[in-house]
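As the structure is a prediction and not an experimental result, all values here were calculated from the model. A note on names: the letters A, B, ... follow the listed sequences, proteins ahead of strands, and every chain is numbered from 1.
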Amino acid sequence: AQSVTQLGSHVSVSEGALVLLRCNYSSSVPPYLFWYVQYPNQGLQLLLKYTSAATLVKGINGFEAEFKKSETSFHLTKPSAHMSDAAEYFCAVTDNYGGSQGNLIFGKGTKLSVKP
Amino acid sequence: DTEVTQTPKHLVMGMTNKKSLKCEQHMGHRAMYWYKQKAKKPPELMFVYSYEKLSINESVPSRFSPECPNSSLLNLHLHALQPEDSALYLCASRRGSSYNEQFFGPGTRLTVL
């Protein structure tokens, strides 16, 4: 069964600093991986996705993530944090096998705080 | 049009009320989802519709009743809810294969008194 683990329920960075949000996955088959962002009282917005093409994936708002099979990781990074990046971030995995029909399995989320 | 809309944005209801949540998308997506999200938690899958047929019901209590009248519309009928059902209810849709992302609506904030 697929699963994702997000290390750190809360990450705090200073404005302009590097953002690193960690996600490790568990999957018996090649996974499809997603990062979503959720601002307070809003729905989820896709930041980026990995679907077995390039291992370095660029997303919106300057975010990117690198798929590392050897480490079963898909960490999200941004070189320079903005105040507007403060939000909840979810890593998710899905697969195209079995009965899951591509349903998303979410990590527990990481809340990103950005200090001025 | 690349968005999922949900109405109402906020809903307050008593435990004896009957209400409905509505979700709509015009992207031609044939998979649609209902999620429940409690504060500081990830979304929990409730129902999945595929080509207007209910394909997954994640052991949701019968006081939640989904309906998919057509390929663009998804409803969630609510009856005799409990205060612990208060949450953000999210609708999502997806095009075709599972490597495609789900598009989420803004959610309905439900409060059960």
Side-chain angles (χ1 to χ4, degrees), chain A residues 1-6 8-10 21 23 27 29-54 57 59-60 65 67 87-113, chain B residues 2-11 21 23-25 27 29-51 53-58 86-111:
Chain A
Q2 282 66 36
S3 67
V4 289
T5 302
Q6 292 184 241
S9 59
H10 189 192
L21 304 182
C23 174
S27 177
V29 297
Y32 302 135
L33 293 157
F34 304 83
W35 274 101
Y36 283 89
V37 61
Q38 185 176 32
Y39 298 99
N41 295 311
Q42 293 188 27
L44 279 68
Q45 181 183 10
L46 181 74
L47 283 174
L48 49 80
K49 64 180 181 181
Y50 169 75
T51 57
S52 74
V57 182
I60 62 170
F67 175 74
E88 189 84 24
Y89 291 79
F90 292 100
C91 182
V93 65
T94 187
D95 68 80
N96 197 28
Y97 299 89
S100 73
Q101 300 181 42
N103 298 333
L104 289 173
I105 299 164
F106 287 97
K108 292 186 176 182
T110 298
K111 181 177 180 180
L112 176 66
S113 299
Chain B
T2 58
E3 68 171 349
V4 176
T5 60
Q6 289 187 246
T7 54
K9 191 172 177 60
H10 299 277
L11 179 62
L21 309 185
C23 172
E24 199 161 4
Q25 57 88 14
M27 296 179 279
H29 294 176
R30 304 310 293 272
M32 296 186 75
Y33 304 77
W34 279 116
Y35 291 88
K36 173 183 177 181
Q37 187 180 28
K38 301 285 273 186
K40 302 183 190 304
K41 298 288 187 183
E44 298 174 37
L45 183 64
M46 300 175 73
F47 302 105
V48 181
Y49 272 84
S50 180
Y51 290 85
K53 295 279 192 293
L54 182 64
S55 61
I56 290 180
N57 175 341
E58 291 287 356
S86 299
L88 182 68
Y89 287 83
L90 295 165
C91 175
S93 70
R94 194 194 77 216
R95 171 176 59 88
S97 301
S98 57
Y99 55 76
N100 292 318
E101 65 271 27
Q102 291 186 22
F103 287 78
F104 284 81
T108 294
R109 175 68 62 189
L110 174 66
T111 302

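Comparing A/L104, A/L46, A/T51 by how many heavy-atom pairs each has under 4.5 Å with chain B, the most go to A/L104. Among the candidates B/Q102, B/Q6, B/Q37, the residue making the largest number of heavy-atom pairs closer than 4.5 Å to chain A is B/Q102. Across B/G105, B/C91, B/P43, B/G107, the residue that shares the most heavy-atom pairs under 4.5 angstrom with chain A is B/P43.
Using cut-offs of 30° and 60° on the angle between ring planes, the pair B/Y35 and A/F106 is perpendicular.
For B/S93 (side chain) and B/A31 (main-chain N/O), no donor-acceptor pair under 3.5 Å exists by modelled atom type. Side chain of A/Q38 to main chain of A/F90: no donor-acceptor pair is present (N/O by atom type, distance under 3.5 Å, no hydrogens or angles). No donor-acceptor distance shorter than 3.5 angstrom exists from the side chain of B/T108 to the backbone of B/Y89, with no hydrogens or angles considered.
In this structure, the portions of A/L44 lying under 4.5 Å from any heavy atom of chain B include both its backbone and its side chain. Within the 4.5 angstrom heavy-atom criterion, only side-chain atoms of A/Y36, from C-beta onward, approach chain B. Only the backbone of A/Q42 has a heavy atom closer than 4.5 Å to any heavy atom of chain B. At a 4.5 Å heavy-atom cutoff, A/Q45 makes no contact with chain B through either its backbone or its side chain.
Partner of B/H29 under the ring-ring contact (aromatic ring centres under 6.0 Å, His included) criterion, chosen from B/Y49, B/F103, B/Y51: B/F103.
A/T110 approaches A/G8 most closely through the heavy-atom pair OG1-O, 2.8 Å.
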